[in-house]
Trainee: 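I'd like to ask some things about the structure below.
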Amino acid sequence: MIFQYDKETDMLYIKLAEGVSIESDEVSEGIVFDYNEANRVIGIEIEDASKFVDLSHIEMSALPSYSLIF
């Protein structure tokens, strides 16, 4: 899982899996799911992210150490 934040557009993208998005669906105002060819969610886009998420504090828990990239 990869978190990408663009401060200029206040957009947070959460990449859940590798792949190409072939379809997108706004599931709630400002929340867009990206789907792959198997109709699985591979990413979540959050518009105006700072209104919904405290971006100054992101905490990780219960992640296997081998999956961390430094």
Trainee: Keeping the roles fixed (side chain from Asp6, backbone from Glu8), state whether a donor-acceptor pair exists under 3.5 Å.
Mentor: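 Such a contact is found between Asp6 side chain and Glu8 backbone.
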
Trainee: Quick one: closest heavy-atom pair of Ile46 and Ala49, and the distance?
Mentor: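 So the two residues come closest at O-CB, 3.7 Å.
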
Trainee: Would you compute the distance between atom CE of Met1 and atom CD1 of Ile14 and round it to the nearest 0.5 angstrom?
Mentor: 7.5 Å

Trainee: So do Val41 and Leu16 actually touch side chain to side chain, heavy atoms under 4.5 Å?
Mentor: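 The answer is yes, as the side chains (C-beta and beyond) meet within the 4.5 Å cut-off.
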
Trainee: Mind checking whether Val32 and Val27 sit in one hydrophobic cluster, side chains of I, L, V, M, F, W, Y counted as touching below 4.5 Å?
Mentor: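 The answer is no; the residues belong to distinct hydrophobic clusters.
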
Trainee: With rounding to the nearest 0.5 Å, note down the distance linking CZ in Phe33 to OG in Ser24.
Mentor: 11.5 Å

Trainee: Measuring only between side-chain heavy atoms, which start at C-beta, is Tyr13 closer than 4.5 Å to Asp34?
Mentor: yes

Trainee: Could you name each residue pair satisfying side chain to side chain donor-acceptor pair (under 3.5 Å) that touches residues 36-52, not counting sequence neighbours?
Mentor: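 Residue pairs with at least one partner in residues 36-52: Asp10-Ser50.
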
Trainee: If hydrophobic clusters are built by linking Ile, Leu, Val, Met, Phe, Trp and Tyr wherever their side-chain heavy atoms come under 4.5 Å apart, do Ile2 and Leu12 end up in the same one?
Mentor: no

Trainee: Decide whether Tyr5 and Met11 are clustered together by the hydrophobic rule: side chain heavy atoms of Ile, Leu, Val, Met, Phe, Trp, Tyr closer than 4.5 Å, transitively.
Mentor: no

Trainee: So, using salt bridge (Lys or Arg N to Asp or Glu O under 4.0 Å) as the criterion, who are the partners of Glu23 when residues are at least two apart?
Mentor: none

Trainee: Atom CD1 in Ile42, atom NZ in Lys15: separation rounded to 0.5 Å?
Mentor: 8.0 Å

